[in-house]
Amino acid sequence: MAATALKEQLNGLVNSMFAEGLLDEQFQQLQMLQDGSNPGFVAEVVTLFCEDSERILTELTKLMDQALVDYSKVDAYVHQLKGSSSSVGAQNVKLACIQFRQFCEENNKEGCVRALNVVKHEYYRLRSKFETMLQLESRIQAYENKQQN
Amino acid sequence: MAVVATETQYRVLAVDDNLLDRKLIERLLKTSSYQVTTVDSGSKALQFLGLQDDQSNSPPVSSDQHVINLVITDYCMPEMTGYDLLKRIKESSSLKDIPVVIMSSENVPSRINRCLEEGAEEFFLKPVQLSDMKRLKPHILKGKYKEQQQQEVLQNNNNTSSNNNSNKRKAMDDETSREMTRPRLTSSLTVL
């Protein structure tokens with residue numbers, strides 16, 4: 001059955017994300033909160049996370065481009081991103097944010113520039129897998145809706 | 001379709017400036033059968049709680065007539081922190097008995113102690129888990145009990161102010177009302 005194959009693919013993807021450290025147990029908590037009455041919860045949270053992250057990364061890029069960097073503003077944004085990534089279970093992004101905050105504290109411009117690049121790299125890596133995940137989820141949902149009707 | 005509530009529905013006010021965290025706490029609370037209202041700042045929380053007149057002795061009723069049984073708030077928020085919000089609530093005669101729980105992504109012992117000393121019931125480390133939700137009910141029930149006690153004291157004061165046998169009646173009223181409340185509290189607990 002096509003839906004079963006899709007489900008296997010989805011499980012495989014999510015498991016590999018756990019194995020690679022892209023996701024941690026917090027993501028499992030989110031999965032637990034998704035049920036029949038809230039079938040789109042994970043998709044909603046993931047989408048919110050991506051929108052929020054991209055907004056923050058844009059601001060961070062602007063701030064780091066300044067001749068004189070305002071480290072308290074930078075830190076505030078990184079703190080937000082660390083919070084969101086922690087809430088969604090985005091482990092690698094969260095860890096990269098923790099590193100970034102260290103450099104902020106030291107007012108280390110070079111360190112911050114490098115750290116921002118690491119955060120971006122981890123975020124985009126995660127985002128592409130999230131996109132595949134959501135596509136698979138909606139295809140599975142479509143099959144299940146068809147069966148009910 | 002008629003719905004019969006077999007259990008009391010408690011309402012929680014969740015305060016967090018992060019949209020994602022608001023979504024999450026809302027789902028956690030709803031999954032645990034709470035009614036939820038979310039706001040994105042301390043000042044909006046105070047507005048919602050109807051904090052205008054500190055002399056008011058009525059129960060905490062929000063603008064749309066809902067009673068708030070617990071406030072759960074993030075610590076790190078711009079302008080008004082969770083600690084500031086906690087202080088305002090505890091300093092208000094109408095709101096001080098509402099249990100307040102603080103959430104934070106940072107495990108800072110001095111911060112935690114400061115909040116507990118100011119009257120926070122508990123401190124949750126973020127990300128908040130489904131299992132943390134179980135820790136809320138005892139605080140809500142304690143808050144309700146305090147509220148009931150306060151209501152009865154007020155009723156007694158109103159009764160005694162216009163009666164000669166005031167002292168006798170007050171003592172009797174206190175006794176009977178306490179007998180009435182104890183069984184109620186126990187039965188609420190057994191519902192747990």
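A note on names: the letters A, B, ... follow the listed sequences, proteins ahead of strands, and every chain is numbered from 1.
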Exceeds 12 heavy-atom contacts within 6.0 angstrom, atom NZ of A/Lys129: yes
Single-linkage hydrophobic cluster, 4.5 Å side-chain cutoff, A/Ile98 and A/Val74 together: no
Any B/Leu24 side-chain heavy atom under 4.5 Å of A/Leu30 side chain: yes
Candidate pair A/Gln34 and B/Arg27, rule side-chain contact (heavy atoms from CB on, under 4.5 Å), full reasoning: CA-CA 9 Å; A/Gln34 177 159 297; B/Arg27 184 95 302 272; over 6 Å; no
Expected output: side-chain A/Gln29 to main-chain B/Leu130 donor-acceptor under 3.5 Å: yes
Hphob cluster co-occupancy, A/Val42 + A/Leu23, side-chain heavy atoms under 4.5 angstrom: yes
Heavy-atom neighbours of B/Arg111 CZ exceed 12 at 6.0 Å: yes
From CA spacing to verdict: side-chain contact (heavy atoms from CB on, under 4.5 Å), A/His79, B/Cys76: CA-CA 10 Å; A/His79 172 82; B/Cys76 278; 3.9 Å; yes
B/Lys23, NZ atom: more than 12 neighbouring heavy atoms under 6.0 Å: no
Over 12 foreign heavy atoms within 6.0 Å of NZ, A/Lys7: no
Residue among A/Leu48, A/Asp35, A/Leu33, A/Val45 with most heavy-atom pairs under 4.5 Å to chain B: A/Leu33
More than 12 heavy atoms from other groups under 6.0 Å of CD on A/Gln99: no
A/Asn38, part contacting chain B, at a heavy-atom distance under 4.5 Å: side chain
Which of A/Ser84, A/Gly89, A/Ser37 touches chain B most, by non-hydrogen pairs under 4.5 Å: A/Ser84
Side chain / backbone / both / neither for A/Gln80 at chain B, heavy atoms under 4.5 Å: backbone
B/Arg22, CZ: over 12 other non-hydrogen atoms inside 6.0 angstrom: yes
Cluster link A/Tyr71 to A/Ile56, ILVMFWY, side chain under 4.5 Å: yes
A/Lys82 vs B/Glu106 side-chain heavy atoms within contact, under 4.5 Å: yes
Residue part contacting chain B, namely of A/Phe41, when any heavy atom lies under 4.5 Å: side chain
Matching residue for A/Ser87 among B/Asn18, B/Ile25, B/Asp21 - test: side chain to side chain contact (heavy atoms under 4.5 Å, CB included): B/Asp21
A/Asp52 vs B/Leu19, side-chain contact (heavy atoms from CB on, under 4.5 Å): CA-CA, chis, key distance, verdict: CA-CA 9 Å; A/Asp52 204 36; B/Leu19 177 57; 5.9 Å; no
Residue part contacting chain B, namely of A/Glu44, when any heavy atom lies under 4.5 Å: side chain
